[in-house]
Amino acid sequence: MSHEHEYVSNTSRIWKVFGILSLVTIVEVILGIYKPDSLHYVDFLGLSLLNWIFYALTVYKAYYIVYAFMHMEGERSSLRSAVVYPLIFLILYLLFILLTEGDYIYGVFKDSTIKWNF
């Protein structure tokens, strides 16, 4: 009974993951620096379209990090779904709470006699 395992180099896979994550980060940085008016001043669901693009790219990076570095690509799709879907739901839920409460607090300070002291 032989327990010899063939060594497989993951160097190309690591560079691929590095390249994809770097490309997405570079796109985020460029959009953050230049803030194109066609994205920055267009409102969609209470936020600028640029912010929604940042959220989407961030969720994509988070998913890809889980997929690549937690070795989820070799797992069954049911396990991947059981790990990833609750996280996506949690992120969207926290984003909803943040936007709803932030808008409420802004409305309270804007329409009342309470001063902005922070």
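Positions are given from 1 along the sequence. All heavy atoms count here, side chains included; hydrogens, waters and symmetry mates do not.
Phe69 and Ile20 fall within the same hydrophobic cluster, where Ile, Leu, Val, Met, Phe, Trp and Tyr residues are linked whenever their side-chain heavy atoms come under 4.5 Å apart, directly or through other members. Cluster annotation: Ile65 and Ile14 are assigned to distinct hydrophobic clusters (Ile/Leu/Val/Met/Phe/Trp/Tyr, side-chain heavy-atom contacts under 4.5 Å, transitive). One hydrophobic cluster, built from ILVMFWY side chains closer than 4.5 Å, holds both Val84 and Tyr60. No chain of hydrophobic side-chain contacts below 4.5 Å, direct or via other Ile, Leu, Val, Met, Phe, Trp or Tyr residues, connects Val66 to Val59. In the hydrophobic cluster analysis, where Ile, Leu, Val, Met, Phe, Trp and Tyr join through side-chain heavy atoms closer than 4.5 angstrom, Val27 is grouped together with Leu21.
A distance-only check finds no donor-acceptor pair linking the side chain of Arg80 to the backbone of Tyr67 [under 3.5 Å].
Under the ring-ring contact (aromatic ring centres under 6.0 Å, His included) criterion, Phe18 pairs with Trp15, not counting sequence neighbours.
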N/O donor-acceptor pairs under 3.5 Å from side chains in residues 40-53, not counting sequence neighbours:
from, atom 1, to, atom 2, distance (Å)
Ser48, OG, Asn51, N, 3.3
Trp52, NE1, Phe44, O, 2.6

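Among residues at least two apart or in separate chains, side chain to side chain donor-acceptor pair (under 3.5 Å) pairs with a member in residues 19-32 are Thr25-Lys61, Glu28-Thr58, Glu28-Lys61.
Summarising the geometry, atom CD1 belonging to Ile88 is positioned 7.0 Å from atom OH belonging to Tyr85; distances are rounded to the nearest 0.5 Å. Taking OG from Ser81 and CD from Glu75, the interatomic distance works out to 12.0 Å, rounded to the nearest 0.5 Å. Taken to the nearest 0.5 Å, the CD1 atom of Ile91 stands 6.0 Å off from the CG atom of Leu87.
The side-chain heavy atoms of Leu92 and Phe96, taken from C-beta on, include no pair separated by under 4.5 Å.
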